[in-house]
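To start, the structure itself, in structure tokens.
One is the number of the first residue; the rest follow in order along the sequence.
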Amino acid sequence: MAFSTQAIQTSRSAADTEQFMSIVTNLYDAHINPDGYVSLGIAENTLMHDVLTEHMRKNLTIPSAALTYGDGQKSLKSAAARFLNRQFKPATPVEPSHIHISNGVTPAIQNVAWAIGNPGDGLLLGRPHYVAFPGDVNRRTGVEVVPVSFGELDPMGLEAVQKYEEAILGAEKRGQRIAGVILAHPHNPLGRCYPRNVLIAFMKLCQKYQIHLLSDEIYALSVFENRVDRDEAAVAFESVLSIDTAGIIDPGLVHVLWGMSKDFGANGLRMGIMVTQNSPRMQAALLSVFEFSWTSSLSDLVTANALQDDEWVEAYIKENQKRLSEHHEKVLLWAKENDVEYAAGSNAGFFIWVDLGAAYKRYHPEVEDAHLDETVMAALLEKKVFLADGVGMAAEKPGWFRIIFTQETGYLEEGLRRIMAALKGSE
């Protein structure tokens, strides 16, 4: 039986998917399944599930209309625009007509890549990066991710922007069109926010080459106090929307992505929001494929119900940031106590970027760098703890892994214990 080229190519990752499913269907529970896997590799925030579900129980009623196609997302877009104006402080107020809704940010990224790029065109993406970005961009569009390397430069600093321009010029020489730049802001996996002057530099770069700027701000409100790295100047989050584009960039080239998955700990809602304020052509393109990423009317209802409750939203964000800070502190102190190097200055997201390879080599000096990532991952899985590795995130150096800290205390502590057991090769 014949299959398409793209089906054959993407099916090569089936083994990885099978391994992943074997982990998530056998998760650790101290009482029910103590021999299961501890997963600190999936970016989910369980710390506020009790707060969100309580609000849903108290405030949500489900009308029969929610079992139909709904109201065309009018209520949701209105609630989302109001929420974004309150929380993202846009220079130009967000209107419902500026918003495109999709069933998660993943299809939003795919749709944008399809809208701005032809097969073979490129989107620039700095290293390290969120593991799923390349697949999100490429798998169904043929648009390629072009990685940008930084060497010893801060990948989120002003000097790094020059590396993106070098990548654009390099693509021109080989005959490849660059369609845009993707930023994870706040950054995944580094857990930091881009400074305002760097965001402006990206805008100027995109204007110079007439390419699109895609700012994935899905962790925008998951910014918190770093209680450990007090000597590091943590950057506060400022949305790309908050920057007046006048004299900097054609506003039609700027697009912002956000969703309920991270800031509201609701990955399962599958709710993505894209804001494009000055591009009717982009809106028309996205509407033309709307039916392929249509959200459930029930998800629309749940999201609108939460976002339009201003007082509850403010309290939720404040409490979430407090809990994030507390759990972030636990992992940083664990890293310091165990002499595990980590990327300092993080104050956003659910993750800490750690050099487990160097720690592993202290106990196993015979291991070569060429095999370091796979060796450490094998040791972790042997101890039944799952992390995302730097290979998938295009790390420039071997041995780096991402630890998710947004799990309840006992679960997190068990995971950290198993990580050290894996590094040491002990029970």
Side-chain angles (χ1 to χ4, degrees), residues 9 105 108-218 235 240 243 245 248-257 282 343 353 390-398 400:
Q9 290 175 339
V105 170
I109 292 170
Q110 175 184 280
N111 289 343
V112 175
W114 168 83
I116 67 175
N118 295 310
D121 290 347
L123 289 179
L124 300 184
L125 181 62
R127 304 171 63 189
H129 57 68
Y130 167 51
V131 65
F133 270 148
D136 294 351
V137 168
N138 174 263
R139 195 170 295 143
R140 298 179 72 181
T141 68
V143 177
E144 299 176 4
V145 162
V146 178
V148 180
S149 302
F150 306 101
E152 297 304 317
L153 292 178
D154 176 2
M156 302 182 69
L158 195 59
E159 292 179 326
V161 180
Q162 178 61 35
K163 295 294 184 180
Y164 286 83
E165 182 161 26
E166 291 173 7
I168 293 172
L169 297 175
E172 286 183 354
K173 287 183 178 179
R174 62 178 179 267
Q176 182 180 32
R177 171 181 174 266
I178 295 299
V181 174
I182 303 177
L183 299 181
H185 170 53
H187 194 280
N188 177 4
L190 298 181
R192 294 162 52 200
C193 304
Y194 284 94
R196 188 180 186 87
N197 66 327
V198 177
L199 294 174
I200 291 173
F202 275 113
M203 287 182 167
K204 291 180 177 179
L205 177 70
C206 290
Q207 175 66 16
K208 179 178 179 179
Y209 292 96
Q210 286 296 288
I211 62 178
H212 293 261
L213 178 62
L214 314 178
S215 184
D216 182 348
E217 302 185 0
I218 198 166
V235 175
V240 166
I243 300 173
T245 58
I248 300 175
I249 187 174
D250 174 356
L253 294 173
V254 179
H255 318 285
V256 169
L257 303 166
M282 174 66 82
W353 190 233
V391 175
M393 295 188 172
E396 294 191 51
K397 297 180 180 179
W400 287 81

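For the pair Val137 and Ile109, the minimum side-chain heavy-atom distance is below 4.5 Å. Ile218 has its side chain out of reach of Leu257: every pair of non-hydrogen atoms, C-beta onward, lies at least 4.5 Å apart. For the pair Leu183 and Leu199, the minimum side-chain heavy-atom distance is below 4.5 Å. By the 4.5 Å heavy-atom criterion applied to side chains, Met282 and Val112 are counted as neighbours. Using a 4.5 Å heavy-atom cutoff, the side chains of Leu253 and Gln210 are in contact. Contact annotation: the side chain of Gln110 never approaches that of Asp136 to less than 4.5 Å [non-hydrogen atoms, C-beta and beyond]. In this structure, the side chains of Arg192 and Asp154 come closer than 4.5 Å at one or more pairs of heavy atoms.
Side-chain atoms of Arg127 never come within 3.5 Å of backbone atoms of Val148 as a donor-acceptor pair (strictly under, hydrogens ignored). Within the 3.5 Å criterion, the main-chain N or O of Gly120 finds a donor-acceptor partner in the side chain of Gln176. A donor-acceptor pair under 3.5 Å is absent between the side-chain atoms of Glu396 and the main chain of Pro128, judged by distance alone.
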Let me have the donor-acceptor pairs involving side chains of residues 159-172, under 3.5 Å, with sequence neighbours excluded, atom names and distances please.
unit_1 : atom_1 : unit_2 : atom_2 : d
Tyr164 : OH     : Gly126 : N      : 3.4
Glu165 : OE2    : Lys208 : NZ     : 2.7
Glu165 : OE2    : Tyr209 : OH     : 2.5

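If you take NE2 on His129 and CG on Asp216, they are separated by 13.5 Å, rounding to the nearest 0.5 Å. Between Leu124 atom CG and Ile182 atom CD1 the span is 9.0 Å, to the nearest 0.5 Å. With values rounded to the nearest 0.5 angstrom, Asp250 atom CG is found 8.0 Å from Thr245 atom OG1. One distance of note links SG of Cys206 with CD1 of Ile249; it measures 5.0 Å at 0.5 Å rounding. A distance of 6.0 Å separates SG in Cys193 from NE2 in His185, rounded to the nearest 0.5 Å. We find the CD1-CG distance between Ile211 and Asp121 to be 11.5 Å, quoted to the nearest 0.5 Å.
Open room surrounds CZ on Arg140; 12 or fewer heavy atoms of other groups in view lie less than 6.0 Å from it.
Contact detail for Arg177 and Gly117: the closest heavy-atom pair is NH1-CA, 3.9 Å. Scanning both residues, Val145 and Pro134, for their nearest heavy atoms gives CG2-CA, 3.6 Å. Contact record, Ser215 with Val240: OG-CG2, 3.4 Å, taken as the closest heavy-atom pair. The two residues Val143 and Ala113 come nearest to each other via the heavy atoms CG2-O, 3.6 Å. Between Ile248 and Met203 the shortest heavy-atom distance is CG2-CB, 3.5 Å. Nearest heavy-atom pair, Tyr194 versus Pro155, reported as atom, atom and distance to 0.1 Å: CE2-O, 4.2 Å.
For His255, the ring-ring contact (aromatic ring centres under 6.0 Å, His included) partners two or more places apart in sequence, or in a different chain, are His212.
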